[in-house]
Amino acid sequence: MNVRIDKPALILREELARLAGLEQRTGAVPPTALGYAGDGTTKTFACRAGHQPGVVWKDGVMQRQGPGDAYVVSYDGFTHKVVFAVAPAVAARVDILQWRV
């Protein structure tokens, strides 16, 4: 039995343009990107104050959030932090799309 699942590709540039247009109509603040480089030992990456993580990528691959998945989000009352289950490798690119709270 063969199963074929077709899902259209998500073009991030178009999605961000759509969100920017939404900002102009609603006054909402668009998301901002935050980039880090892995060092092989650091598992926790902080968002800017007043922001929370939306989408997280590691080396260009979107990561799943939740216990038992790639990462969880912690909040200490001041900053949101992305905590990976396994530290990203040396020079691995970690990108966090963060939203203003």
Side-chain angles (χ1 to χ4, degrees):
M1 177 176 166
N2 291 333
V3 176
R4 182 182 164 122
I5 300 173
D6 289 322
K7 181 178 178 186
L10 175 66
I11 300 173
L12 188 57
R13 191 172 288 146
E14 290 176 3
E15 185 66 16
L16 289 175
R18 183 185 69 76
L19 290 171
L22 186 64
E23 172 200 0
Q24 292 171 356
R25 291 190 302 271
T26 64
V29 178
T32 58
L34 185 61
Y36 290 101
D39 63 5
T41 58
T42 303
K43 294 169 68 173
T44 303
F45 298 89
C47 290
R48 292 186 185 114
H51 289 76
Q52 66 183 15
V55 182
V56 176
W57 291 275
K58 185 168 64 173
D59 280 336
V61 177
M62 189 183 330
Q63 303 296 299
R64 294 182 66 107
Q65 177 184 351
D69 286 325
Y71 72 95
V72 293
V73 175
S74 69
Y75 181 64
D76 62 8
F78 298 102
T79 57
H80 287 85
K81 296 177 180 136
V82 173
V83 182
F84 283 94
V86 176
V90 174
R93 178 105 178 129
V94 175
D95 294 302
I96 303 170
L97 188 63
Q98 55 185 4
W99 299 87
R100 188 131 179 95
V101 181

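Computed from a prediction, not measured in an experiment: that's the story for all the values here.
Under the 30°/60° scheme for interplanar angles, the aromatic rings of Y71 and F84 are found to be tilted.
The shortest non-hydrogen separation linking P67 to V72 is N-CG1, 3.8 Å. Contact detail for P31 and W99: the closest heavy-atom pair is CD-CZ3, 3.4 Å. Closest of all the heavy-atom pairs between C47 and Q52 is SG-C, 4.2 Å. Shown here for G35 and D95, the closest heavy-atom pair between the two residues is CA-OD1, 3.7 Å.
For the atom pair L97 CG and L34 CG, the distance stands at 10.0 Å (nearest 0.5 Å). Atom-to-atom distance recorded for W57:CH2 and Q63:CD is 11.0 Å, nearest 0.5 angstrom. Between the CZ atom of R93 and the NZ atom of K58 there is a distance of 14.5 Å, given to the nearest 0.5 Å.
Counting heavy atoms from C-beta outward, Q65 and V56 have side chains that stay 4.5 Å or more apart. By the 4.5 Å heavy-atom criterion applied to side chains, T32 and R48 are counted as neighbours.
For D69, the side-chain contact (heavy atoms from CB on, under 4.5 Å) partners two or more places apart in sequence, or in a different chain, are R64.
A donor-acceptor contact shorter than 3.5 Å is absent between the side chain of D39 and the backbone of V90.
No continuous path of ILVMFWY side-chain contacts below 4.5 Å connects V55 to V101, so the two sit in separate hydrophobic clusters.
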